[in-house]
Amino acid sequence: MDRVYIFDTTLRDGEQAPGFSMTTEEKLQMALQLAKLGVDVIEAGFAAASKGDFEAVSLIAKEVKGPVICSLARALEKDIELAGKALECAERKRIHTFIATSEIHMKYKLRMEPEEVLQRAKRAVEYARRFTDDVEFSCEDATRSQREFLYRVIETAIKAGATVINIPDTVGYTVPEEFADLIEGIRNNVPNIDKAIISVHCHDDLGMAVANSLMAVKHGARQVECTINGIGERAGNASLEEIVMALKVRKDFFGNLHTNVNTKELYRTSRLLCRITGSFVQPNKAVVGDNAFAHESGIHQHGVLANPLTYEIMSPDDVGFPSTRIVLGKHSGRHALKSKLREMGFEFSEEDIDRIFEKFKALADKKKEVYEEDIEALVYEEFLKHEEDEPIKVFHYQVQTGDKLLPTATVVLSFRGEERTASSTGNGPVDAIIRAIQKALGIEPKLLDFSIKALTPNTDAQAESRLVIELDGVRASGRGVDVDIIKASVSGFVDALNRAIVRKSYILSKESLRREGTI
Ligand code: KIV
Ligand code: ZN
């Protein structure tokens with residue numbers, strides 16, 4: 001009764017957001033870490049959306065043990081069938097089917113009458129039950145749906161066999177008191193509601209996703225759908241780490257309500273997602289931001305030293321925030337690297353660890369101290385990237401600069417196997433090489449954000465570039481790391497371009513499937 005189930009949708013709703021697309025291998029790494037974190041359900045993707053989504057759901061279903069593995073499916077037989085197929089190997093599986101129930105969605109998006117929607121919901125749940133006993137049904141845009149109709153749809157879905165009823169605030173429109181009232185209304189007006197778990201799925205358009213989810217839990221919801229770092233469509237979803245820590249820290253308010261999450265894995269999971277997507281949380285992000293436990297002012301520092309509870313409502317240790325930085329070096333062995341990788345949330349086979357160890361030794365020879373950030377970068381650069389994710393490859397470049405020289409750069413690269421060369425001048429060496437790359441590719445993406453910083457102290461530090469670009473309406477972020485700042489900028493820029501291009505073809509393939517009526 002007091003257990004709150006955590007349904008993680010980082011790999012589905014989260015991955016859907018611009019700049020957060022992940023490869024199948026990256027999704028698997030994330031899913032393995034989510035299992036370690038102790039989430040109850042992993043929504044691994046939307047199997048019918050693309051071949052890539054299908055493969056990712058299948059792989060996660062096969063490899064990840066512990067949590068229930070779930071696929072999203074529209075209320076269509078072909079979607080549900082693909083979800084069922086992708087989940088075949090799962091130890092425990094769930095199909096999550098949905099249809100919109102608000103007037104605006106039914107009229108303009110579905111072009112369906114409410115009675116048709118009701119029948120579709122019924123048939124979808126019944127069909128999904130052929131593949132698994134664990135079926136979740138969502139009334140999309142529930143918070144803008146007419147109440148009486150919503151109650152009827154929920155009752156029908158439960159009769160048809162739904163075991164979880166999800167109430168999404170699809171457009172992030174509701175406020176805590178109103179949402180609590182909706183959950184109470186469902187509990188009091190749907191006669192068979194005791195046969196299903198009430199779930200909530202809140203978006204953050206007005207910044208209230210976490211507050212709305214918590215109020216729903218207080219009023220009887222027992223599953224929360226959320227994402228790591230709050231990523232998701234538009235302004236994102238409710239942030240998993242904030243929900244979990246609020247329930248833990250405010251026991252005085254929430255009573256015995258609790259989750260099964262191992263909170264010490266929260267920071268690691270957040271970092272892994274940042275690394276994989278190249279998109280980092282803001283320093284003041286609750287629970288996992290770099291400054292979440294930093295005390296700057298003298299008064300605060302004095303208070304915390306006297307007693308941490310003066311200014312800390314939770315300890316960094318509770319969320320696995322690193323208090324000391326363990327540094328590896330050229331004398332560190334394979335064993336030390338292996339335990340460091342595990343501590344950082346990466347799961348690799350012995351063979352893969354051998355591969356990473358070789359790269360680590362090469363880096364340790366160049367650089368005295370190897371920090372966690374260096375290892376993260378190395379794993380990403382050397383291991384998580386795949387041929388098909390890199391349509392652009394840089395072979396060489398050359399940059400000339402100086403106080404009396406006009407910065408000039410030349411690059412030789414290939415685009416989908418075709419070699420190209422170009423040169424350009426610029427306002428500085430980085431500008432010159434970025435212009436040369438653009439010229440070679442014949443594209444001019446908008447550079448929305450660009451920063452470069454030293455990852456660790458000392459002048460031999462690795463430099464890290466982070467960029468956000470927009471190419472043909474597709475946004476993507478990129479990251480590059482190297483001891484040479486020009487090289488770090490080049491790899492960050494090319495990383496962002498590759499992500500934008502891969503994402504663009506993924507969107508195009510989805511669009512053509514949609515035109516064919518496949519999805
Ligand atoms: O926001 C939403 O309504 C969704 C549903 C598919 C659950 O993501
Ligand atoms: Zn959503």
Side-chain angles (χ1 to χ4, degrees), residues 5-18 20-21 39-50 53 57 68-76 79-80 82-83 94-106 108-110 117 120-121 124-125 128 134-145 149-150 153-154 157 162-174 179 182-183 186 196-210 212-213 216 221 223-240 243 510 514 519:
Y5 294 97
I6 295 295
F7 176 114
D8 179 275
T9 183
T10 307
L11 300 176
R12 200 276 299 167
D13 210 319
E15 205 257 348
Q16 239 162 270
F20 289 97
S21 55
V39 305
D40 298 289
V41 186
I42 296 175
E43 189 163 50
F46 181 177
S50 70
D53 276 44
V57 177
V68 171
I69 309 299
C70 172
S71 171
L72 185 68
R74 287 171 304 173
L76 293 172
D79 272 32
I80 295 168
L82 281 169
R94 174 180 298 179
I95 294 179
H96 174 194
T97 186
F98 73 100
I99 194 162
T101 49
S102 65
E103 256 168 61
I104 184 162
H105 276 234
M106 290 191 288
Y108 294 101
K109 186 182 84 172
L110 299 174
V117 167
R120 264 277 195 98
V125 173
D134 188 348
V135 173
E136 173 169 334
F137 174 75
S138 281
C139 316
E140 193 188 7
D141 205 17
T143 50
R144 294 191 300 167
S145 300
F149 179 62
L150 186 68
V153 178
I154 296 172
T163 43
V164 179
I165 293 292
N166 185 39
I167 310 299
D169 182 25
T170 303
V171 289
Y173 180 72
T174 198
F179 200 44
L182 176 60
I183 302 300
I186 291 168
I197 290 175
I198 301 178
S199 164
V200 290
H201 173 116
C202 296
H203 279 270
D204 208 30
D205 299 66
L206 292 173
M208 286 183 278
V210 169
N212 289 334
S213 306
Q223 176 179 282
V224 179
E225 300 198 355
C226 42
T227 59
I228 299 296
N229 298 342
I231 69 169
E233 282 280 3
R234 304 180 310 279
N237 287 73
S239 135
L240 183 149
I243 301 275
K510 265 194 188 173
R514 223 170 257 137
I519 61 169

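Atoms within each ligand, like the ligands themselves, are counted from 1 in listed order.
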Asks: Are F137 and I99 side-chain neighbours, meaning at least one heavy-atom pair lies under 4.5 Å?
Replies: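 In contact.
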Asks: Within a radius of less than 6.0 Å around OH of Y173, do more than 12 heavy atoms belonging to other residues, nucleotides or ligands occur?
Replies: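 Open: at most 12 neighbouring heavy atoms sit under 6.0 Å from OH of Y173.
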Asks: Are any of the N or O atoms of D13 closer than 3.5 Å to those of ligand 1?
Replies: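 Yes, D13 has an N/O under 3.5 Å of an N/O on ligand 1.
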Asks: If you count the atoms of ligand 1 from 1 in the order shown, which ones are under 4.0 Å from a heavy atom of S138?
Replies: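 Under 4.0 Å from S138, ligand 1 has these atoms: 7 (C).
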Asks: Which residue owns the protein heavy atom closest to atom 4 (C) of ligand 1, what's the atom, and how far is it?
Replies: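 Answer for atom 4 (C) of ligand 1: H201 NE2, 3.5 Å.
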Asks: Using a strict cut-off of 4.0 Å, indicate which atoms of ligand 1 neighbour a heavy atom of E140.
Replies: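 Those qualifying, in numeric order: 3 (O).
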Asks: Counting heavy atoms only, which part of H203 comes closer than 4.0 Å to ligand 1: side chain, backbone, both or neither?
Replies: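 Near ligand 1, H203 shows its side chain, while the N, CA, C and O stay back.
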Asks: So that I can tick it off, tell me whether E225 and R12 are bridged by a salt bridge, with the cut-off set at under 4.0 angstrom between side-chain N and carboxylate O.
Replies: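 Here R12 does not pair with E225 in a salt bridge, since their nearest N and O are not under 4.0 Å apart.
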Asks: Flag the pair F149 / M106 as yes when at least one side-chain heavy-atom distance between them is below 4.5 Å, and no otherwise.
Replies: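 In contact.
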Asks: Which N, O or S atoms belonging to the protein are less than 2.8 Å from the Zn ion (ligand 2)?
Replies: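 Correct list: D13 OD2, H201 NE2, H203 NE2.
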Asks: Return the set of residues passing side-chain contact (heavy atoms from CB on, under 4.5 Å) with A83 (not counting sequence neighbours), or none when no residue passes.
Replies: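 By the side-chain contact (heavy atoms from CB on, under 4.5 Å) rule, A83 matches S71, A73, I95.
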Asks: Test of understanding: with side-chain contact (heavy atoms from CB on, under 4.5 Å), list the residues that count as partners of L206, not counting sequence neighbours.
Replies: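 Counting only residues at least two positions away or on another chain, L206 forms a side-chain contact (heavy atoms from CB on, under 4.5 Å) with M208.
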Asks: Quick check: does T170 get an N/O under 3.5 Å from an N/O on ligand 1?
Replies: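 N/O-N/O distance under 3.5 Å: yes.
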Asks: Quick check: does R12 get an N/O under 3.5 Å from an N/O on ligand 1?
Replies: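 In this structure, R12 places an N or O atom under 3.5 Å from an N or O of ligand 1.
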Asks: With sequence neighbours excluded, tell me which residues meet side-chain contact (heavy atoms from CB on, under 4.5 Å) with S145.
Replies: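 By the side-chain contact (heavy atoms from CB on, under 4.5 Å) rule, S145 matches T101, S102, L150.
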Asks: So do the side chains of L240 and V39 get within less than 4.5 Å of each other, counting heavy atoms only?
Replies: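 Of all side-chain heavy-atom pairs linking V39 with L240, at least one is under 4.5 Å.
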Asks: Is there a side-chain contact between K109 and E140 (heavy atoms, below 4.5 Å)?
Replies: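 With C-beta onward as the side chain, the pair touches.
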